[in-house]
Every structure is written in structure tokens, then in C-alpha cells.
Amino acid sequence: MIVDTRGILPKHTTTSNNNSYENINELKNKINNILTRETIASIIVFMGEEINRNYRFRDNPSMSISRECLIHDFGSSGFSGDIYSYIQETKSVSFVEAVKFVAECLGVRL
Amino acid sequence: MSNLPNPKEFKSFELQLCKVVKFDNSTNENKKEILLRVYNAMNKNIVNPSSIYNILNKRFLDTIDETIQQKVIKKYLRNDTVNNSPSIILENERNTLQAISIHKAKDGTKWKKITGSNTKYVHYRISNFIVFVAYGMGEMLTLELLGLSYILFQSDRITNTLETNTQWNEEVRPKLKNKLLVMLLDNDVSCLSTIQNLNENLKGVVKMCLPIQMIDLITTSAFFNDIENRASQQAREIWKSRQIIDEKYDFKDFVLNEYNPENVKDIVMKTIENKIKGIL
């Protein structure tokens with residue numbers, strides 16, 4: 001039996017939504033091209049944390065920014081990720097919001 | 001984005017990184033205090049000028065101008081009454097104490113560093129085109145007395161970590177620009193390994209890094225009076241190949257054993273010339 005599902009099933013992600021996902025990734029890639037350890041430290045300090053000259057978090061010395069621009073906590077939380085996942089985790093925002101925030105800080109546009 | 005600050009304010013934001021927390025702050029302070037205490041005690045002791053003969057022999061020192069000897073002794077030599085030995089102090093350009101080395105400690109160790117000494121400190125005197133690498137305190141003293149420019153590595157291991165040595169990068173390396181760096185190599189493997197380290201670190205900075213082994217100096221000395229080059233290249237090679245040099249034989253040993261110590265400076269310069277020409 002063939003069931004006509006037109007008009008019943010919800011519309012799934014359209015082409016425009018796909019485009020925005022690709023755009024965010026493109027924006028993220030553009031940002032990554034200019035990201036440095038120092039830039040990441042700047043953003044994190046701008047957000048209210050304190051970082052020392054060895055790129056370790058002052059309140060959690062087991063957490064640091066690596067040369068590969070990743071943030072690792074070798075202590076209790078075990079967090080490991082990039083600046084976007086750090087922002088998502090600490091500020092409870094979405095991935096898109098995190099990328100847009102970093103882009104606006106650094107003046108990066110598509 | 002209510003939890004996040006206004007990104008438009010980021011441009012005017014000035015990054016300030018806080019100081020690194022040194023967990024063993026107190027230990028570091030104690031070590032520096034020890035060093036300073038020893039330094040102050042040594043400064044009160046009378047320095048017997050002849051104590052320099054424990055480091056360099058009278059034959060060589062008699063060829064050095066008295067004024068220069070006094071100047072070097074006053075600047076570097078101290079009397080360690082605890083170990084009953086002369087000691088060398090190293091201070092930087094700002095006269096800040098960096099290291100104290102005891103010539104012969106009670107336990108027999110030579111050039112023992114006092115606790116708190118900065119072993120990575122690279123002492124230098126760079127005023128000529130040719131700059132020598134001294135691999136020890138005795139060599140440094142010799143080069144000072146000869147009036148030659150030098151950089152001093154308190155140990156060969158320092159050359160392994162030159163990239164992260166702040167004092168080297170900020171003070172010493174810039175001063176070596178376009179200089180001819182001559183490495184007076186001790187006769188041991190550890191010293192030979194410094195050639196590559198220095199070549200890599202100073203690429204594009206110095207004019208040239210020229211390694212000179214002790215056998216080169218000895219050969220130049222042996223044929224020093226052969227001004228007309230009567231001895232053939234082959235004869236020199238054969239003579240050179242027959243020489244047996246002790247391990248750890250260094251520039252200081254060469255100077256102290258040289259038959260005519262007044263020729264030391266000329267022998268060194270002649271060796272450099274022959275090395276560059278490819279004769280040695």
C-alpha cells in the first residue's frame with residue numbers, strides 16, 4: 001500500500017538551513033586560519049578568566065592552552081577542546097553563537 | 001549571547017597575562033640567599049694573587065702584562081677559605097652576581113658551582129671580529145688574560161637548550177651578528193656535540209662557525225717556525241696522525257704545555273688562518 005505522505009510529514013532541513021551550517025563552518029575555518037595561542041588567551045581573558053604567561057588558567061593551573069590552540073584540563077574536569085567548545089561549555093551558548101562571538105571579536109566575516 | 005561580553009569591545013581590549021605562580025618560591029629565594037652569603041664572605045677574604053697559579057702556571061702568566069693580570073684577578077678571582085681554593089665569580093653587565101665556581105672543592109670536584117649559581121648564564125666579552133667559545137672557567141680566564149673576545153659555556157649541555165635561554169637570545173646572540181665564532185673544542189665527544197647546536201642556533205647570525213680541535217693548535221705550534229713552508233702538506237698530515245692526545249685535553253692544557261707561551265696568541269690566529277684556507 002502506498003501512503004501519500006505529502007503535507008503530513010514535517011518539512012526537514014531545507015537547502016537554506018544546510019547553507020547556514022556550511023556558512024558557520026566556513027566562518028570557523030576562516031577564524032582558525034588566524035587563531036593563535038595568544039588570540040585565544042585574549043578572548044578567554046576578555047570573557048573574565050585569568051591566564052598566566054605560561055598560558056595556564058590562574059584558577060585551575062592544570063588547564064592550559066596548547067601550542068595547537070586547544071584547551072586541555074589534565075585535572076578533575078578533563079575538558080579538552082577548542083575555543084568554541086570552551087565558550088559553549090562555560091557560557092552555555094550554542095556552537096553557532098560561540099563561532100559568531102569569536103568572529104565578531106576578531107573582525108572575521110564571510 | 002547574554003553571558004558573553006560585547007565582542008565590539010574586544011578591539012580595544014588589552015591583554016594582560018598574570019604572573020606565573022612559582023610554587024617553590026621559597027626554595028628559589030633560599031638558594032639565592034646562600035649564593036649571596038657565600039659571595040659576601042668571599043669578598044671579605046684577602047685574595048692572594050699567586051693563587052691564580054693554581055689555575056694557570058707561572059710560565060704562561062709571566063708572558064702576560066702585570067696590569068692585565070691584576071685587573072683579571074680583581075674582577076674574577078676570590079679566595080674560598082672553606083675549601084682552601086681560589087674561586088671564580090661571574091657577574092653580568094649590570095654587576096649582578098650570576099655564579100660562583102670553586103676551583104677545587106674539598107671533595108675533589110673541580111669547578112664546583114655554589115648552590116644558587118645560574119648555570120645557564122653565558123658570560124661574554126665581545127669586542128672583536130673573532131669571538132672564541134670557551135668551554136670552561138680555566139679557558140675563560142686564559143682568554144681574558146690574552147685579551148681575546150669570548151663567550152663562556154659553563155657546561156656543554158647549555159648548548160642543547162639555547163633556543164629557550166632568554167639571556168642568550170636577548171643579550172649574547174645579537175652581539176654575535178657577523179662575527180667569526182671560533183670553537184676551541186675540548187678533546188671529548190660532549191664538546192664536539194656543541195658544534196651542531198651552535199651551527200643551528202647561529203645560522204644567519206654569525207659570519208661563520210669555525211671548529212678548532214686541540215690537534216690543530218698543536219700542529220700549528222709544531223710547524224710554527226716553518227715560515228717558508230718547507231715541510232710538505234703530506235709531512236704535516238703524517239705528523240698530525242701520529243699525535244696522541246689525552247681525552248679532555250683542552251685549550252688551557254695547550255696553553256700550559258706550550259713550549260713558547262708568548263706565541264700562544266699567534267699560534268691561535270695562524271691556526272684560524274690555516275683552517276679557513278683549508279691547510280689544516
Side-chain angles (χ1 to χ4, degrees), chain A residues 24 27-28 30-31 34-67 69 71 75 83-110, chain B residues 1-32 92-94 96 98 116-122 157-174 196-197 200-205:
Chain A
I24 274 295
L27 184 63
K28 181 186 154 187
K30 232 181 163 181
I31 296 168
I34 61 164
L35 261 189
T36 60
R37 211 176 181 190
E38 203 187 47
T39 323
I40 291 174
S42 299
I43 294 171
I44 293 174
V45 174
F46 179 60
M47 280 164 49
E49 287 289 342
E50 275 193 70
I51 303 242
N52 71 22
R53 290 176 191 131
N54 284 347
Y55 296 100
R56 287 184 183 276
F57 285 67
R58 203 192 88 136
D59 294 336
N60 182 9
S62 59
M63 195 150 168
S64 61
I65 308 167
S66 73
R67 283 199 177 96
C69 299
I71 300 160
I83 180 67
Y84 315 104
S85 40
Y86 175 80
I87 295 173
Q88 282 179 263
E89 182 106 354
T90 53
K91 298 295 179 185
S92 304
V93 297
S94 67
F95 170 71
V96 171
E97 281 173 312
V99 173
K100 281 185 177 175
F101 171 73
V102 176
E104 273 199 66
C105 283
L106 302 179
V108 175
R109 288 177 190 175
L110 276 174
Chain B
M1 285 197 199
S2 56
N3 288 336
L4 293 162
N6 186 356
K8 285 173 186 164
E9 288 170 16
F10 183 76
K11 266 186 190 162
S12 54
F13 175 73
E14 207 180 294
L15 174 66
Q16 273 179 7
L17 298 172
C18 58
K19 284 183 186 173
V20 175
V21 173
K22 285 183 183 173
F23 293 103
D24 57 345
N25 243 350
S26 57
T27 322
N28 276 345
E29 285 303 315
N30 284 343
K31 283 180 183 174
K32 280 188 181 164
N92 65 9
E93 276 184 339
R94 294 173 290 283
T96 310
Q98 297 296 312
S117 291
N118 181 0
T119 52
K120 289 183 183 172
Y121 170 66
V122 179
R157 280 194 313 275
I158 296 173
T159 62
N160 293 338
T161 53
L162 286 175
E163 277 136 18
T164 53
N165 187 326
T166 316
Q167 186 246 340
W168 168 263
N169 287 320
E170 289 177 7
E171 270 181 49
V172 188
R173 199 167 178 271
Q196 190 183 353
N197 292 339
E200 278 172 9
N201 188 273
L202 294 170
K203 196 176 180 182
V205 176

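Note: hydrogens, waters and symmetry copies are ignored here, and every other heavy atom, side chains too, is used. Being a predicted model, the structure only gives us computed values, none of them experimental. Chain A is the first sequence line, chain B the second, and so forth, proteins listed ahead of strands; every chain is numbered from 1.
Looking at A/I43, both its backbone and its side chain come within 4.5 Å of chain B, counting heavy atoms on both sides.
Atom NZ of B/K8 and atom SG of A/C105 lie 11.5 Å apart (nearest 0.5 Å).
When each of A/K91, A/K100, A/E104 is checked for a side-chain contact (heavy atoms from CB on, under 4.5 Å) with B/L4, only A/K91 meets the rule.
A heavy-atom distance below 4.5 Å is found between the side chains of B/F10 and A/S42.
Taking each heavy atom of A/F46 and B/P7 in turn, the nearest pair found is CE2-CA, 4.2 Å.
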